[in-house]
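Throughout, protein chains are lettered first and strands after them, A, B, ... in sequence-line order, and every chain is numbered starting at 1. The shown structure was predicted, so the numbers you read here are calculated from the model rather than taken from an experiment.
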2 protein chains.
Amino acid sequence: MEQLRETLKGHHLRTTTCREDVLLTFMNKKNALSHGDLEGALGENYDRVTIYRTLKTFLEKGIIHKVLDDEGLRYALCSHQCSEEKHQHDHIHFKCNACGKTNCLENLHIPHVTLPSGYQPESFNLLIQGKCPECLGNN
Amino acid sequence: MEQLRETLKGHHLRTTTCREDVLLTFMNKKNALSHGDLEGALGENYDRVTIYRTLKTFLEKGIIHKVLDDEGLRYALCSHQCSEEKHQHDHIHFKCNACGKTNCLENLHIPHVTLPSGYQPESFNLLIQGKCPECLGNN
DNA sequence: AAAACACTGCAACATCGTTGCAAGTGTTAC
DNA sequence: GTAACACTTGCAACGATGTTGCAGTGTTTT
Ligand SMILES: [Mn+2]
Ligand SMILES: [Mn+2]
Ligand SMILES: [Zn+2]
Ligand SMILES: [Zn+2]
């Protein structure tokens, strides 16, 4: 609880219950969340629009990052210290086709790729889809 | 023109002007296209819904594949022979942050990744964002 | 030619995401 | 503690995106 406030303070954001609850939801669920997921979890307490704006703010401040998958856009906590100036991510995302959950594989880095000359890379996003350990265990 | 018909026939699809035009648009523009792009190009000739259904059909038949980027979903031609049964893609996608275009780098393959045990990979999707050669040339 | 099948346009609808504005809340300085 | 201020929220309205059902039209098969 107190940790939440520090996270928000650390990114120069006012502590509001909506922000605390969104942050808490990200920390409880381990997987990446879409706006719809959050609306399902918190929609009775907060307006749809407020949740959109909270996500946008968190994104700008470096608290969460985008996670792309074939269904659309999701978000996950930035584990290492990102800031407004510098979002840096080079980890892999895994989506399970069975349970539908998408996760950050934080300690698995995207391998280096040599681009054709003339291309200037700035950011990388690798999504692997397949079956996750939990779903393989219950087969 | 005749090539278009053969592509459609080859995938067991009837040749209609809408399908020909959508296919032609993909071949003329080199970059990945969203439904909105196609609607902009062909919307006066065909209904929105027909374009959606054409994309869905092409996707199922293996004529086009999905391309994910941070703005949403786009589509690009499958260069190698994909079919209804088997979509196989291991190439890299590049999105230019300056001009906004997303392209397939057909001959650049996604490097192999060793996943933690328990994960069973099935498909891979690597998006690199940065600046494309054209935009770097005009700076 | 008739029957079976496939494709299209239209209308209606559901979902998703954005914007403007007025009211409310958290923070800071006194 | 209070007042001032800037920031945040909810609501309403809107635009964009994507889906479904159905009737009409065209194509293929027999
Ligand atoms: Mn991640
Ligand atoms: Mn591609
Ligand atoms: Zn799973
Ligand atoms: Zn460019």
Side-chain angles (χ1 to χ4, degrees), chain A residues 1-25 32-64 66-75 84 100 102, chain B residues 4-25 32-75 84 100 102:
Chain A
M1 294 297 163
E2 201 47 45
Q3 190 188 351
L4 295 181
R5 297 187 173 226
E6 287 184 18
T7 301
L8 293 172
K9 291 279 182 192
H11 291 273
H12 310 291
L13 289 175
R14 293 188 179 172
T15 49
T16 67
T17 58
C18 179
R19 287 172 179 171
E20 284 178 335
D21 280 351
V22 169
L23 203 45
L24 195 58
T25 307
L33 302 175
S34 66
H35 172 269
D37 295 331
L38 288 162
E39 195 183 338
L42 305 172
E44 293 178 8
N45 305 320
Y46 308 105
D47 192 84
R48 272 169 12 93
V49 178
T50 303
I51 298 175
Y52 275 116
R53 290 198 265 230
T54 300
L55 287 171
K56 191 179 176 194
T57 303
F58 281 8
L59 199 57
E60 288 167 357
K61 297 292 182 180
I63 297 175
I64 59 178
K66 289 184 182 180
V67 180
L68 307 173
D69 72 33
D70 58 337
E71 290 179 288
L73 197 50
R74 294 167 195 272
Y75 304 89
E84 196 154 3
T102 302
Chain B
L4 295 180
R5 296 183 175 229
E6 287 183 19
T7 301
L8 293 172
K9 291 281 182 191
H11 290 274
H12 310 292
L13 289 175
R14 292 186 182 170
T15 48
T16 68
T17 58
C18 179
R19 286 173 180 171
E20 285 179 334
D21 280 352
V22 169
L23 204 44
L24 195 58
T25 307
L33 302 174
S34 66
H35 172 269
D37 295 332
L38 288 162
E39 196 182 337
L42 306 171
E44 292 178 8
N45 305 319
Y46 308 105
D47 192 84
R48 273 171 9 94
V49 178
T50 303
I51 297 175
Y52 275 116
R53 290 199 265 229
T54 300
L55 287 171
K56 191 179 175 194
T57 302
F58 282 8
L59 199 59
E60 289 168 355
K61 297 293 182 179
I63 297 174
I64 59 177
H65 63 277
K66 289 184 183 180
V67 180
L68 308 173
D69 72 32
D70 60 338
E71 290 179 288
L73 196 50
R74 294 168 195 272
Y75 303 89
E84 196 154 4
T102 302

Find the distance [X]:[atom1] to [N]:[atom2] and express it as a whole number of Å.
X: Glu60(A); N: dC7(D); atom1: CD; atom2: P; value: 13 Å
X: Lys56(A); N: dT19(C); atom1: NZ; atom2: P; value: 6 Å
X: Leu13(A); N: dC7(D); atom1: CG; atom2: C1'; value: 10 Å
X: Asp47(A); N: dC11(D); atom1: CG; atom2: P; value: 6 Å
X: Arg74(B); N: dT17(D); atom1: CZ; atom2: C1'; value: 14 Å
X: Glu71(A); N: dT15(C); atom1: CD; atom2: P; value: 16 Å
X: Phe58(A); N: dT8(D); atom1: CZ; atom2: P; value: 10 Å
X: Asn45(B); N: dT8(C); atom1: CG; atom2: P; value: 13 Å

For this session: Can you measure from OH (Tyr75(B)) to CG (Leu55(B)) and round to the nearest 0.5 angstrom?
Result: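 Tyr75(B) OH to Leu55(B) CG: 5.5 Å, rounded to 0.5 Å.
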Residue [X], side-chain heavy atoms: nucleotide from [options] that is nearest:
X: Thr54(A); options: dG26(C), dA6(C), dT9(D); answer: dT9(D)
X: His35(B); options: dT9(D), dG18(D), dT28(D); answer: dG18(D)
X: Tyr52(A); options: dG9(C), dG26(C), dG17(C); answer: dG17(C)

When you compare the side chain of [Y] with that of [X], does any pair of heavy atoms fall below 4.5 Å?
X: Arg19(A); Y: Thr57(A); answer: yes
X: Tyr46(B); Y: Leu38(B); answer: no
X: Val67(A); Y: Leu73(A); answer: no

Exercise. More 5' along DNA chain C: Tyr46(B) or Leu73(A), using each one's nearest nucleotide?
Worked result: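 Result of the comparison: Tyr46(B).
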For this session: Describe the nucleic acid contact of Thr15(A) in one word from base, sugar-phosphate, nothing, applying a heavy-atom distance below 4.0 Å.
Result: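 If one applies the 4.0 Å heavy-atom cut-off, Thr15(A) turns out to touch the sugar-phosphate alone, with no base involved.
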Exercise. Is a side-chain N or O of Arg5(A) found less than 3.5 angstrom from the main chain of Thr15(A), in a donor-acceptor match?
Worked result: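 No; judged by distance alone, with no hydrogens or angles, the pair does not exist.
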Tell me if the side-chain of [X] makes a donor-acceptor pair with the base of [N], cut-off 3.5 Å, by modelled atom types.
X: Arg48(A); N: dG10(D); result: no
X: Arg19(A); N: dG26(C); result: no
X: Arg53(A); N: dG10(D); result: yes

For this session: May I ask you to verify if any side-chain N or O of Thr16(A) is less than 4.0 angstrom from the OP1 or OP2 atom of dT9(D)?
Result: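 Answer is yes, contact under 4.0 Å.
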Problem set entry | Earlier contact from the 5' end, DNA chain D, for Lys9(B) and Val49(B) |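 Final value for this comparison: Val49(B).
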